[in-house]
Participant: 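The following block contains the structure, expressed as structure tokens.
These numbers come from a predicted model, not from an experiment.
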Amino acid sequence: MDLSHRHRSILKALVDDFITDNRPVGSKTLSEKHNFGLSPATIRNVFRDLEELGLIISRHHSGGRIPTEFGYRFYIDSLISIYELTIIEKQRIQEEYLKYQFELDQILSATCRILSLLSETASVVLSPRKTYDAMKHIELIHVSGEEILMILVTRSGAVINKNIFTNVNLSQESLYKISKFLNKNAKGFEIDYIFCELIDELMLYPDAPEEFIKIANLMKSSINFETDETVDLYIDGLHNLANFKNEQINSIESILTLFDDKKLLKKIFSEYVNVDEVATIIGEKEDPSMHGVSIVATSYKMGDKRIGSMGIIGPQRMDYNKALALVDYTSNMLSEMITRISR
């Protein structure tokens, strides 16, 4: 949208003031508070132009103006100031990670906690699919008859247990040989690669145990990459919503409803696993369930591979300047930690 410098300056000041004060912004207030060199009457003329463009609205005929969802979108895309986290904020994030530098579950919990603490909103972290991780160890255990328990341990410490039902009765000694062969030839590879490609190659190895060839395809089919590999959802900071008690009640109800529907929350954040930059999702135009709600989200990586997503959720009147910088910096820290423990 091609706005004049005057229109852009007034819109930015209006959104900044509304985010800070949580009350409609009047032309007289802007004229007195900001060094525009413009009279309230001139600012009201700009207001009318911005209203016609759908960027601001007035709740009451004689009241001040507030941003619309479209106004917030334009503000974030074109007007937002670059925020730099303070040294204290960065140290707080780093110190939190150093407490849990070797446990993936604790690292993800710490990420969620620090996001909600510093943003003063609610936060979400979507864990990686376990099959994105590299295999550290595999063990096949005879359970009974033709049933085998396959235990996969990943480098990040996650454990995947799968029951395999065969048409042959294999001894524990045979299963030990298969486990030894797989630990020798598959250790260090990503689990999805092992079960989608590498097992087929290993079946052709001259030293592949005969018993392995008998159950290799059953092992492959035991992991359903489309439906079986669930992810975990970490949530923190719902208590921070009390800080927005003066918001429109519908906005808070929408946020709480969103957190109640874990399936929808996973779906929303799954869409941002492959997003490289920090993204903002604003209101019901992007999803009917998000009336009055904003999400700032991004992905995090293991090495060069994006494996999960994270972000903060709150009413549309949130501090986007800080939120964008916080989510970006924290995702970089999380990526470094996960890459380190996966080596």
Participant: Transitively linked via ILVMFWY side-chain contacts under 4.5 Å: Val159 with Leu140?
Facilitator: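 Hydrophobic grouping puts Val159 apart from Leu140.
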
Participant: Would you call Asp49-Arg65 a salt bridge at under 4.0 Å N-O?
Facilitator: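 Salt bridge: no.
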
Participant: Kindly give the heavy-atom pair with the smallest separation between Ile138 and Ser179, and that separation in Å.
Facilitator: O-CB, 3.9 Å

Participant: For a 4.5 angstrom cut-off between non-hydrogen side-chain atoms, does Val296 reach Met318?
Facilitator: yes

Participant: For residues Ala323 and Ile312, report the shortest heavy-atom separation together with the two atoms involved.
Facilitator: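 Closest approach of Ala323 to Ile312: CB-CD1, 3.4 Å.
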
Participant: Could you tell me if Thr111 and Tyr97 have a donor-acceptor pair between their side chains, going purely by distance under 3.5 Å?
Facilitator: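 There is such a pair (donor and acceptor under 3.5 Å, judged by atom type) between the side chains of Tyr97 and Thr111.
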
Participant: What distance separates Leu218 CG from Met150 CE, expressed to the nearest 0.5 Å?
Facilitator: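 Here the interatomic distance stands at 10.5 Å.
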
Participant: Within this structure, what is the CG-CD1 distance for the pair Leu204 and Ile213, rounded to the nearest 0.5 Å?
Facilitator: 8.0 Å

Participant: So Ile114 and Thr330, side chain to side chain contact (heavy atoms under 4.5 Å, CB included) or not? Walk me through it.
Facilitator: CA-CA 9 Å; Ile114 200 69; Thr330 308; 4.1 Å; yes

Participant: If we ignore angles and hydrogens, is there a donor and acceptor under 3.5 Å between the side chains of Arg73 and Thr68?
Facilitator: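 Judged by distance alone, the side chains do not pair up.
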
Participant: Do you know the tightest heavy-atom contact between Met135 and Leu182?
Facilitator: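 Looking at all heavy atoms of both residues, the closest pair is CE-O, 3.9 Å.
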
Participant: Would Asp77 and Arg8 satisfy salt bridge (Lys or Arg N to Asp or Glu O under 4.0 Å), going step by step from the backbone distance to the final call?
Facilitator: CA-CA 12 Å; Asp77 290 343; Arg8 294 167 72 93; over 6 Å; no

Participant: For the pair Asp200 and Lys220, evaluate side chain to side chain contact (heavy atoms under 4.5 Å, CB included) and give the outcome as yes or no after the intermediate values.
Facilitator: CA-CA 9 Å; Asp200 288 334; Lys220 287 175 58 180; 2.9 Å; yes

Participant: Just grab all the salt bridge (Lys or Arg N to Asp or Glu O under 4.0 Å) pairs involving residues 81-90, residues at least two apart or on different chains.
Facilitator: Glu84-Lys90, Glu89-Lys322

Participant: What residues, two or more places apart in sequence or in another chain, satisfy side chain to side chain contact (heavy atoms under 4.5 Å, CB included) together with Lys33?
Facilitator: Asp17, Asp21

Participant: Between the side chain of Gln172 and the main-chain N/O of His142, is any donor-acceptor distance below 3.5 Å?
Facilitator: yes

Participant: Between Ser78 (side chain) and Tyr75 (backbone), is there a donor-acceptor pair under 3.5 Å?
Facilitator: no

Participant: Could you pull out every donor-acceptor pair under 3.5 Å between side chains of residues 23-31 and any protein atom, sequence neighbours left out?
Facilitator:
{"from": "Ser27", "atom 1": "OG", "to": "Arg44", "atom 2": "NH1", "distance (Å)": "3.3"}
{"from": "Lys28", "atom 1": "NZ", "to": "Glu32", "atom 2": "OE2", "distance (Å)": "2.5"}
{"from": "Ser31", "atom 1": "OG", "to": "Leu38", "atom 2": "O", "distance (Å)": "2.9"}

Participant: Asn332 side chain to Asp328 main-chain N or O, any donor-acceptor pair under 3.5 Å?
Facilitator: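 Yes; judged by distance alone, with no hydrogens or angles, the pair exists.
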
Participant: Starting from Phe70, can I reach Tyr320 by hopping between I/L/V/M/F/W/Y residues whose side chains sit under 4.5 Å apart?
Facilitator: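 The answer is yes; both residues are in one hydrophobic cluster.
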
Participant: Under the side chain to side chain contact (heavy atoms under 4.5 Å, CB included) rule, what do Val125 and Leu233 come out as? Steps first, then yes or no, please.
Facilitator: CA-CA 6 Å; Val125 174; Leu233 200 64; over 6 Å; no

Participant: Starting from the C-alpha separation in whole Å, work towards a yes-or-no answer on salt bridge (Lys or Arg N to Asp or Glu O under 4.0 Å) for Arg92 and Glu96.
Facilitator: CA-CA 6 Å; Arg92 181 69 182 86; Glu96 192 69 26; 2.7 Å; yes

Participant: Less than 4.5 Å apart, any side-chain heavy atom of Asp207 and any of Lys184?
Facilitator: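 The answer is yes, as the side chains (C-beta and beyond) meet within the 4.5 Å cut-off.
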
Participant: By the ring pair (Phe, Tyr, Trp, His ring centres under 6.0 Å) test, which pairs, at least two apart or in different chains, include something from residues 159-184?
Facilitator: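 Sorted pair list: Phe181-Phe212.
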
Participant: Considering residues at least two apart in sequence or located in another chain, which fulfil the side chain to side chain contact (heavy atoms under 4.5 Å, CB included) criterion with Ser309?
Facilitator: Leu126, Phe269, Tyr272, Val273

Participant: Which heavy atom of Ile338 sits nearest a heavy atom of Leu108, and at what distance?
Facilitator: CD1-CD2, 4.4 Å

Participant: If you count the non-hydrogen atoms of other residues, nucleotides and ligands that lie under 6.0 Å from NZ in Lys187, is the total more than 12?
Facilitator: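 No, the 6.0 Å shell around NZ holds no more than 12 heavy atoms from other groups.
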
Participant: Looking at side-chain heavy atoms only, is the closest gap between Val168 and Glu146 below 4.5 Å?
Facilitator: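 No, every pair of side-chain atoms sits at 4.5 Å or beyond.
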
Participant: Side chains of His137 and Asn183: does their closest heavy-atom pair fall under 4.5 Å?
Facilitator: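 They are in side-chain contact.
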
Participant: Does Glu211 come within less than 4.0 Å of Lys177, counting only side-chain N to carboxylate O?
Facilitator: no

Participant: When you check the side-chain N and O atoms of Ser331 and Lys301, is any donor under 3.5 Å from an acceptor?
Facilitator: no

Participant: Of the non-hydrogen atoms in Asp236 and Cys112, which two are nearest, and what is the gap between them?
Facilitator: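 Looking at all heavy atoms of both residues, the closest pair is N-SG, 3.5 Å.
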
Participant: What I want to check is whether the side chains of Tyr83 and Asp319 have a donor and an acceptor closer together than 3.5 Å.
Facilitator: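 Looking only at side-chain atoms, Asp319 and Tyr83 do not form any donor-acceptor pair under 3.5 Å.
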
Participant: Quick one: pull up CD1 in Ile178 and NZ in Lys180 and give me the separation to the nearest 0.5 Å.
Facilitator: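 These two atoms lie 13.5 Å from each other.
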
Participant: Report, as yes or no, whether the 6.0 Å neighbourhood of atom CZ on Arg6 holds more than 12 heavy atoms from other residues, nucleotides or ligands.
Facilitator: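 Count not over threshold, so no.
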
Participant: In the structure I gave you, are the side-chain heavy atoms of Val143 and Ile148 within less than 4.5 Å of one another anywhere?
Facilitator: no

Participant: Would you kindly confirm whether Ile56 and Phe36 end up in one hydrophobic cluster when ILVMFWY residues are joined by side chain heavy atoms under 4.5 Å apart?
Facilitator: yes

Participant: Between Ile107 and Tyr329, is there shared hydrophobic-cluster membership here, with clusters defined by ILVMFWY side-chain heavy atoms closer than 4.5 Å?
Facilitator: yes

Participant: With a 3.5 Å distance limit and no angle check, can you tell me whether Thr339 reaches the backbone of Glu336 through a side-chain donor-acceptor pair?
Facilitator: no

Participant: Please work out which of the three classes, parallel, tilted or perpendicular, describes the rings of Tyr72 and Phe18, given edges at 30° and 60°.
Facilitator: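 Phe18 vs Tyr72 ring planes: tilted.
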
Participant: For the pair Leu104 and Thr154, evaluate side chain to side chain contact (heavy atoms under 4.5 Å, CB included) and give the outcome as yes or no after the intermediate values.
Facilitator: CA-CA 11 Å; Leu104 178 63; Thr154 71; over 6 Å; no

Participant: Which heavy atom in Leu175 sits nearest to a heavy atom in Ile141, and how many Å separate them?
Facilitator: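 In this case the closest contact between Leu175 and Ile141 is CD1-C, 3.8 Å.
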
Participant: Please round to the nearest 0.5 Å and tell me the distance separating atom CG of Leu14 and atom CD1 of Ile43.
Facilitator: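 Nearest 0.5 Å value for the CG-CD1 distance: 10.0 Å.
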
Participant: Could you go through the side chain to side chain donor-acceptor pair (under 3.5 Å) check for Tyr234 and Ser123 one step at a time?
Facilitator: CA-CA 8 Å; Tyr234 296 78; Ser123 61; over 6 Å; no

Participant: Going from CG on Asn161 to CG on Leu152, what distance comes out if it is rounded to the nearest 0.5 angstrom?
Facilitator: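 Those atoms lie 8.5 Å apart.
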
Participant: Decide yes or no for His5 and Ser9: does some side-chain heavy atom of the first lie under 4.5 Å from some side-chain heavy atom of the second?
Facilitator: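 Side-chain contact under 4.5 Å: yes.
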
Participant: Kindly work out whether a path of hydrophobic side-chain contacts (I/L/V/M/F/W/Y, heavy atoms less than 4.5 Å apart) joins Phe195 to Leu149.
Facilitator: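 The answer is no; the residues belong to distinct hydrophobic clusters.
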
Participant: With a 4.5 Å limit on heavy-atom distance, are the side chains of Arg129 and Ile191 in contact?
Facilitator: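 Sidechains of Ile191 and Arg129: no contact.
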
Participant: For residues Leu53 and Leu3, determine if any side-chain heavy atom of one lies less than 4.5 Å from a side-chain heavy atom of the other.
Facilitator: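 Touching, per the 4.5 Å side-chain cut-off.
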
Participant: Can you list everything that forms a side chain to side chain contact (heavy atoms under 4.5 Å, CB included) with Leu238? Sequence neighbours excluded, please.
Facilitator: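 Once residues adjacent in sequence are excluded, the partners of Leu238 under the side chain to side chain contact (heavy atoms under 4.5 Å, CB included) criterion are Ala122, Ile235, Leu241, Phe259.
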
Participant: How long is the straight-line distance from CD1 of Ile164 back to NZ of Lys162, given to the nearest 0.5 Å?
Facilitator: 10.0 Å

